[in-house]
S.K.: 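Could you have a look at this structure, given as structure tokens, before my questions?
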Amino acid sequence: MLSPAGPPARRIAALLTGTITLVLAATGCGGRTGAGAAADRVTSITALNYYTDEPEHTQWGKMLTACGKTAGVRVEQTSVPGASLIPKVLQQASSRTLPDLLMLDNPDLQQIAQTGALTPLDKYGIDSSGFARGILSAGTYQGKLYGLAPNVSTIALFYNKDMLAKAGVAVPRTWDELKAAAAKLTRPGRYGMAVDANATFEGTWQFLPFLWSNGGDEKQLDTPQAAQALQLWVDLVKSGSMSKSVLNWTQADVHDQFVAGKTAMMINGPWRIPALNQDRNLRWGVAPIPVPRSGQTPVTPLGGEVWTLPQSPSKARQEKAAQVLTCLNNSSNMLTLAEQHFTVPSRTAVAAQYAEPVPSMAAFVKSVEAARARTSELGVKWPEAATGIYTAIQSALTGEQTPEEALRHAQRIATSN
């Protein structure tokens, strides 16, 4: 659900701008290919995504096939590893073979839309009503909607019910409660709390709820609000309630620590639920990420992929692709995809319906209502800020710098290019 750090935004934009300009100049943007009316007889379209793993690849293949039938076309799905998707798009733009439907990790959308490679969805009257605000923000560039996500994800607090009950600890709702609970749950061979604080965009992703919920902002990282959020993580490590190894752990590692009983609580996403459900001896629960003060709503980052329509010289192919995109985002298919992948339907009403019979997803559904797109403030400049944030986390948790010093350095990184 969450892509690793990709190439700097400006490099992608520069490369794509050149290649897309050549493609559109050569084909005549908006024109037809082939001989007259033959272009209107579209029987198949292409779709590109990074759903290479099973059963996800097959499940999406079936969904695309079903939506293709509603549009009267066959959808040919191609899947590449996540790290290969943007290079693949560059290559296809250069060779004039962009797909009819393109899936993008939502933070990548603005980088690609900036180049002119995508078609605004309003051109085909695609319905975006009922979507959570953050989800529409993730698909928007310069006021125009270029992508829609059928389902999304975010992160929450997982906890071991038996460990909390035995220690007499209530599920923490605030930062103070989190520190107290983590300390009480810590004992030899077990930490109270675990996060992914590694030097990648995953580390940034896990820190964002703490930054944002305290009023911090990626536009200006060296603020007291940001320093307070980072100090919380420093305090957890310094007190021994959280392992120093979080500096190297991925979200998968954090999950493994939780399953092994080596941490009582963790921050993670709903994609971990299928594996957790396989362990019949593990009694766990999910709650919203603790907030600085009682009564606040956590502000979490929005994960998930958006589907887009690349520019095409064939209006007929774009019309068919738009019909498939509309089908992927209808309420029924949102519900199906959410049930298959333990994600949250993007339409708020559908998400509420989904949460009722799936209690483990309730915290995620609630958090998505206030979730924020990572590119909402900085757009294509987000990667620089994300790099600054995880660099600050590393410096502060190792004790190399105070949170204030680390965040001043992070701000310099974010504004260096």
Side-chain angles (χ1 to χ4, degrees), residues 2-17 82-83 86-87 105-115 137-138 141 155 195-238 242 244-251 267 299-303 372-417:
L2 179 65
S3 66
R10 290 178 179 79
R11 180 146 47 96
I12 291 178
L15 288 168
L16 270 174
T17 299
I86 296 302
D105 193 19
N106 78 75
D108 293 332
L109 177 132
Q110 292 202 10
Q111 298 175 1
I112 306 304
Q114 182 189 40
T115 69
S137 173
Y141 173 70
I155 44 180
V195 299
D196 167 353
N198 71 21
T200 71
F201 281 16
E202 272 192 7
T204 298
W205 155 268
Q206 288 232 330
F207 181 67
L208 288 175
F210 299 90
L211 173 70
W212 287 343
S213 299
N214 199 42
D217 196 311
E218 59 271 29
K219 289 187 297 185
Q220 190 67 40
L221 294 171
D222 52 346
T223 63
Q225 294 87 347
Q228 289 163 5
L230 187 50
Q231 187 66 55
L232 173 67
W233 278 23
V234 170
D235 290 346
L236 287 167
V237 171
K238 275 189 175 181
M242 196 157 71
K244 290 181 180 178
S245 296
V246 299
L247 287 160
N248 301 310
W249 285 347
T250 64
Q251 291 181 127
I267 303 296
V299 183
T300 60
L302 192 68
R372 187 185 298 177
R374 284 158 281 173
T375 53
S376 63
E377 296 287 345
L378 295 177
V380 296
K381 296 181 180 179
W382 162 247
E384 286 89 345
T387 301
I389 291 170
Y390 72 65
T391 302
I393 293 169
Q394 291 274 310
S395 296
L397 265 59
T398 57
E400 181 182 334
Q401 294 178 307
T402 66
E404 290 80 5
E405 292 168 341
L407 288 163
R408 281 197 293 271
H409 179 59
Q411 182 62 23
R412 288 196 293 271
I413 293 174
T415 57
S416 62
N417 294 321

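Since we're looking at a predicted model, the values are computed, not measured.
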S.K.: Looking at side-chain heavy atoms only, is the closest gap between Leu378 and Lys219 below 4.5 Å?
M.R.: yes
S.K.: Give the minimum heavy-atom separation between Gln206 and Pro209, together with the two atoms involved.
M.R.: O-CD, 3.3 Å
S.K.: Which pair of non-hydrogen atoms, one from Ala392 and one from Leu407, has the smallest distance, and what is that distance?
M.R.: CB-CD2, 4.0 Å
S.K.: Please tell me if the side chains of Leu208 and Thr300 come closer than 4.5 Å, counting only heavy atoms from C-beta onward.
M.R.: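 SC-SC contact between Leu208 and Thr300 ruled out.
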S.K.: When you compare the side chain of Val234 with that of Leu397, does any pair of heavy atoms fall below 4.5 Å?
M.R.: yes
S.K.: Please check this pair: side chain of Thr398 against backbone of Ser395, looking for a donor-acceptor N/O pair closer than 3.5 Å.
M.R.: yes
S.K.: Donor-acceptor pair, distance only, cut-off 3.5 Å: does the side chain of Asn198 make one with the backbone of Trp249?
M.R.: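 Confirmed, Asn198 side chain pairs with Trp249 backbone.
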S.K.: Quick one: NZ on Lys238 to NZ on Lys244, what's the gap to the nearest 0.5 Å?
M.R.: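 The distance works out to 10.0 Å.
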S.K.: What's the verdict on side chain to side chain contact (heavy atoms under 4.5 Å, CB included) for Thr375 and Val380, showing C-alpha distance, side-chain angles and the deciding distance?
M.R.: CA-CA 7 Å; Thr375 53; Val380 296; over 6 Å; no
S.K.: With a 4.5 Å heavy-atom cut-off, do Thr200 and Thr250 have their side chains touching?
M.R.: no
S.K.: Can you tell me how far the CG atom of Leu230 sits from the OG1 atom of Thr402, to the nearest 0.5 Å?
M.R.: 9.0 Å
S.K.: Report yes if the side chains of Asp217 and Trp212 come closer than 4.5 Å at any heavy-atom pair, otherwise no.
M.R.: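 Not in contact.
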S.K.: Can you give me the closest heavy-atom contact between Pro87 and Ala83, atom names plus distance?
M.R.: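 Minimum heavy-atom contact is CD-O, 3.5 Å.
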S.K.: To the nearest 0.5 Å, tell me how far Thr204 OG1 sits from Arg374 CZ.
M.R.: 10.0 Å
S.K.: Under the side chain to side chain contact (heavy atoms under 4.5 Å, CB included) criterion, do Arg412 and Asp222 qualify, and how do the steps go?
M.R.: CA-CA 9 Å; Arg412 288 196 293 271; Asp222 52 346; over 6 Å; no
S.K.: So do the side chains of Pro403 and Trp233 get within less than 4.5 Å of each other, counting heavy atoms only?
M.R.: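 Side-chain contact under 4.5 Å: no.
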S.K.: Working to the nearest 0.5 Å, report the span between CD1 of Ile393 and CZ of Phe210.
M.R.: 10.0 Å
S.K.: Which heavy atom of Leu221 sits nearest to which heavy atom of Ala385, and what is that distance?
M.R.: CD1-O, 4.2 Å
S.K.: Taking atom types as modelled, is there a side-chain donor on Trp205 or Gln251 under 3.5 Å from an acceptor on the other?
M.R.: yes
S.K.: Any heavy-atom pair between the side chains of His409 and Glu400 that's under 4.5 Å?
M.R.: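 Not in contact.
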S.K.: Output the distance between atom OG1 (Thr391) and atom CD1 (Ile413), rounded to the nearest 0.5 Å.
M.R.: 4.0 Å
S.K.: Quick check against the 3.5 Å criterion: does Gln394 have a side-chain atom that pairs as donor or acceptor with the backbone of Ala197?
M.R.: yes
S.K.: Please answer whether the main-chain N or O of Leu302 pairs with a side-chain N or O of Asn106 as donor and acceptor at a distance below 3.5 Å.
M.R.: yes
S.K.: What are the two closest non-hydrogen atoms of Gly215 and Gln225, and how far apart are they?
M.R.: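 Looks like C-CB, 3.9 Å.
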S.K.: Does the pair Glu202 and Tyr390 meet the rule for a side chain to side chain contact (heavy atoms under 4.5 Å, CB included), with working shown?
M.R.: CA-CA 8 Å; Glu202 272 192 7; Tyr390 72 65; over 6 Å; no
S.K.: Do you know which two heavy atoms are closest between Gly379 and Gln110, and how far apart they sit?
M.R.: CA-OE1, 2.9 Å
S.K.: Roughly how far, to the nearest 0.5 Å, is the CG atom of Leu109 from the CD atom of Gln114?
M.R.: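 The CD atom of Gln114 sits 11.0 Å away from the CG atom of Leu109.
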